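Here the structure comes first, spelled out in structure tokens, and everything after it is commentary.
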Amino acid sequence: MDWMDLKEALTGGAASDGEGSDGAGSGLLEGLNGPQEEAVLHGDGPMLIVAGPGSGKTRVITTRIAHLVTQRGVAPWEVLAITFTNKAAREMRERFERLVPPVDSSSGSPSGAGGHAAPRGSGAWIGTFHSMCARILRREIEALDGYTRDFSIHDTSDRNGLIKSLIKELGYDPKQFRAPVVGNWISAKKNGRGKEDGYELGDGSMEEDVFRQVAARYEERMRQQNALDFDDLLLKVLELFDAHHGIRDAYATRFRHVLVDEYQDTNRVQYRLVRHFASFHSNLTVCGDPDQSVYGWRGADIRNILDFEVDYPNARVVRLEQNYRSTGKILDAANCVIANNSARKEKDLFTEGDEGEPPVVIECGDENDEAREIAAQIRSHVAKGGRYGDCAILYRAGFLQRAIETALRYDGVPYQVVAGLEFYQRREIKDLVAYLRLALNPADDVAFARVVNTPSRGVGDTSMGRLQAFASARRLPLSAALRESDALAEIRGRAKKGLAEFAALLEELAPARDLDAAVALDLVLESIDVDRWLAELDDGSMTVDRAANVEELRVFAEDYDARSPEGKLRGMLEEVALVADSDAPEPTDDATKLMTLHACKGLEFPYVFIAGVEDELLPHERAVDEAVEPDLAIEEERRLFYVGITRAEKKLLMTYTTYRSFYGGGRQTLPSRFLHELPKDGIEGSGSSDLEEDVLGEFDASEGAGAGLGVGDMVIHPHFGRGKIEQLTGAGINARATVVFVREGRKQLLLQYASLERMES
DNA sequence: AAATCCGCGTTTTTT
DNA sequence: ACGCGGATTT
């Protein structure tokens with residue numbers, strides 16, 4: 001192994017500060033601070049790691065796993081590490097495998113629980129709750145009634161689609177009962193949360209009764225088609241463990257150590273799963289930060305982490321409070337803000353690094369001023385030698401993005417919106433995946449319905465309705481109904497021919513179930529005549545993209561086969577279903593990142609802007625209004641602010657407006673109440689009243705440059721090059737120049753930041 | 001089957 | 001203001 005790699009892995013990331021000399025030998029502990037070392041070295045028994053932001057948490061977990069494996073005789077496959085996202089899982093696996101390079105994985109599998117699911121590499125189970133459960137169910141689900149290991153995994157849009165058709169089937173108005181609302185309600189019920197989540201509609205039981213009817217039929221239909229939704233993946237494992245203690249115990253003993261990351265985000269079902277896994281040995285390490293719990297609205301239960309010591313009375317508690325990310329002033333701000341919450345575990349971040357510059361609060365007139373201000377700040381940062389990629393702009397709600405993008409484009413600031421979803425949501429991908437699902441699990445009616453007329457076979461609503469009626473009368477899956485000669489009796493013409501074609505196609509696809517994923521995909525592509533299909537989807541502009549997406553899926557399949565030769569189609573489908581970000585947008589070389597406050601969790605940037613720090617937007621009024629416990633909702637909003645603040649390494653700028661447009665209209669806005677919670681002496685204001693001078697003072701170089709400028713002057717700008725001043729507006733902090741640049745065209749610049757130089761001509 | 005129009009909702013998002 | 005889905009139109 002390459003020593004440099006190991007060293008980098010050991011010291012990796014934020015904690016690289018205080019590392020000493022190269023000590024040979026037991027390098028695992030090198031550079032760890034006291035509590036970090038304690039967490040790594042902890043032996044058996046439960047442990048709670050309260051990990052503040054930037055405290056080297058991931059490093060501690062990966063090092064701990066490495067320690068268990070190399071020093072305590074725990075085999076990699078006896079370790080279960082659970083994360084929330086695939087991204088986190090990937091990262092953890094990579095870092096762990098850098099510490100403990102995997103040996104030949106085939107040697108690692110114990111009997112029984114090994115099999116195809118032994119992952120590439122180390123053999124450690126590092127994954128999300130969902131992938132772990134899917135893996136267990138692929139092996140064990142046949143112990144439960146009615147399911148086979150070829151079960152399909154339905155995503156949220158599959159779920160909503162089915163629910164919608166059930167609503168219609170039951171004779172209700174799909175407008176009055178919206179599928180996503182009903183779907184959420186069902187999900188909430190399944191996850192053991194009830195009315196407190198606001199699904200209870202005003203006129204009560206009538207509507208709930210409808211929900212219940214839909215829910216009952218939904219469960220029935222899912223079972224009939226051998227399909228599980230995301231919630232079911234976890235619930236079925238619980239069911240399995242409850243019904244078959246032997247199976248539960250096999251897993252509880254197989255994993256000698258269980259580690260859960262982001263424990264503050266677990267919901268009640270996940271909590272119960274964890275308890276099962278730790279039931280034998282209580283070798284359970286959970287890691288998280290109650291102050292960063294921002295997913296309460298989707299079922300995360302902060303009590304899980306707050307009550308850990310109640311659940312496990314002998315738990316060791318380790319606090320990681322030393323921060324390796326942010327400057328002192330930024331941490332002060334974070335500490336001050338979060339101290340206003342009551343549902344927390346006391347925690348005080350500190351740093352041995354610099355005090356740094358105080359956070360800045362800037363008042364802006366409206367969202368356009370705000371956006372221009374941010375753009376100007378970024379340009380000024382770049383003018384001083386910084387990178388666009390150092391900067392991130394965070395906001396509470398997506399609609400703030402628009403004005404910001406406009407300003408960034410106008411100013412030529414490269415940016416990248418960090419979004420979610422994407423790939424697997426694309427139509428052509430979903431279609432192909434539906435074909436593959438159908439090949440593996442012919443009972444998958446949702447997949448059937450999706451592709452029966454894709455590409456077009458003349459099968460419309462009428463004939464599908466008839467087939468459906470026939471199938472449900474006989475409790476048959478659609479594909480099975482299709483094989484009954486009577487089924488087509490009432491169907492004529494094009495549709496009849498089309499259904500016959502489709503039936504033949506399904507026969508053709510049947511062998512795919514045992515093929516390598518890429519071969520199976522090829523079979524589908526060939527059978528449906530890709531080119532014709534793509535041509536049909538062509539609405540003029542997207543053809544190239546779609547073809548590229550298909551190719552991308554093919555590459556993914558090939559890659560999957562290479563990685564997991566045992567998985568075949570079954571395994572690949574599982575990954576496609578659970579790995580939404582199959583190829584998440586690679587961080588673009590040097591671009592400012594835009595994202596919501598939720599999306600920024602876990603990331604860090606030298607320069608952080610938080611836009612729209614206004615009452616009714618940062619404590620979001622809907623979050624507060626719709627909550628049963630408004631106080632708790634405010635606390636979650638405050639945590640969101642805290643998460644945003646603690647992303648910043650060097651500089652934190654917060655902006656608010658006095659007026660903001662909303663959906664056409666607009667209104668006066670007030671600074672967020674959270675701003676008043678910032679330390680009074682550690683904050684610089686700007687843009688308003690008495691603090692203007694300070695800020696101007698800071699930028700006196702550009703002020704000086706701006707002072708001597710006049711309309712018609714030729715100027716030079718560090719980024720845009722030469723230009724001519726067309727117009728000068730505003731004064732003091734708001735002094736702007738409209739400049740027509742030779743290369744970049746007309747731009748508005750804030751003189752304060754633009755560092756324009758006059759050229760004598 | 002494609003084009004067009006109407007009406008609604010518009011916080012946050014993973015699997 | 002705007003975009004999306006659904007329904008209506010051709």
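Keep in mind that this is a model prediction, so the values were computed, not measured. Proteins come first, then strands; the chains are lettered A, B, ... in the order of their sequence lines, and each starts at number 1.
- The interatomic distance linking R660(A) (CZ) with dA1(C) (P) rounds to 18 Å, in whole Å.
- What separates CG of L233(A) from P of dT14(B) is a distance of 17 Å, to the nearest Å.
- Residues V269(A) and L238(A) form a side-chain contact, since some pair of their non-hydrogen atoms from C-beta on lies under 4.5 Å apart.
- Comparing dT13(B), dA7(C), dA1(B) against the side chain of Y295(A) picks out dT13(B) as the nearest.
- Computed from coordinates, the E626(A) CD to dG9(B) P distance equals 13 Å when rounded to whole Å.
- Applying the side-chain hydrogen bond (donor to acceptor under 3.5 Å, both in side chains) definition to pairs two or more places apart or across chains, those involving residues 456-467 of chain A are Y435(A)-R457(A).
- Residue E621(A) contributes atom CD, which lies 13 Å from atom P of dT10(B) at whole-angstrom precision.
- With a 6.0 Å cutoff to the six-membered ring centre and a 45° limit on the axis angle, R667(A) counts as a cation-pi contact of F662(A).
- Judged by centroid separation below 5.5 Å and plane tilt below 30°, F230(A) does not stack onto the base of dT14(B).
- Applying the side chain to side chain donor-acceptor pair (under 3.5 Å) rule to T85(A) yields no partners; only residues at least two apart in sequence or on another chain are considered.
- Listed nucleotides: dC2(C), dA1(B), dT12(B). Nearest to the side chain of R402(A): dC2(C).
- D289(A) and Q292(A) form a side-chain donor-acceptor contact under 3.5 Å, judged by distance and modelled atom types alone.
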*How would DNA chain B look in dot-bracket form, 5' to 3', counting Watson-Crick and G-U wobble pairs with both distances under 3.5 Å and writing | for bases paired to another strand?*
||||||||||.....

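- Nearer to the 5' terminus of DNA chain B, by closest-nucleotide assignment, is the contact made by R457(A) (compared with the other of R457(A) and H130(A)).
- Applying the ring-ring contact (aromatic ring centres under 6.0 Å, His included) definition to pairs two or more places apart or across chains, none involves residues 151-171 of chain A.
- At whole-Å resolution of the value, CG in N191(A) and P in dT13(B) are 19 Å apart.
- Evaluation of the ring pair (Phe, Tyr, Trp, His ring centres under 6.0 Å) rule for Y271(A) yields no partner, not counting sequence neighbours.
- Counting to the nearest Å, the C1' atom of dT12(B) and the CG atom of L400(A) are 13 Å from each other.
- Residue W297(A) has its side chain nearest to dT13(B) when only dA7(C), dT10(B), dT13(B) are considered.
- With sequence neighbours excluded, no residue forms a ring pair (Phe, Tyr, Trp, His ring centres under 6.0 Å) with F609(A).
- Of the candidate nucleotides dT13(B), dT15(B), dT12(B), dT15(B) has the atom lying nearest to any side-chain atom of T128(A).
- Looking at heavy-atom distances under 4.0 Å, F84(A) makes contact with sugar-phosphate atoms alone, never a base.
- Projected onto DNA chain B by closest heavy-atom contact, G458(A) and E637(A) fall at different nucleotides, the more 5' of which corresponds to G458(A).
- Across the protein-nucleic acid pair, L234(A) atom CG and dT15(B) atom P stand 13 Å apart, rounded to whole Å.
- An OP1 or OP2 oxygen of dT14(B) is reached within less than 4.0 angstrom by no side-chain nitrogen or oxygen of T156(A).
- Within the nucleic acid shown, G665(A) has no heavy atom closer than 4.0 Å to any nucleic acid atom.
- The side chain of T596(A) lies closest to dT13(B) when the candidates are dA1(B), dT13(B), dT14(B).
- When each of dC8(B), dT13(B), dT10(B) is scored by its nearest atom to the side-chain atoms of R178(A), the top-ranked nucleotide is dC8(B).
- Residue A397(A) places its side chain closer to dT12(B) than to any other of dT12(B), dT14(B), dA1(C).
- The side chain of N86(A) places no N or O atom within less than 4.0 Å of a non-bridging phosphate oxygen (OP1 or OP2) of dT14(B).
- Between the C1' atom of dG3(C) and the CD atom of Q401(A) lies a distance of 15 Å, rounded to the nearest Å.
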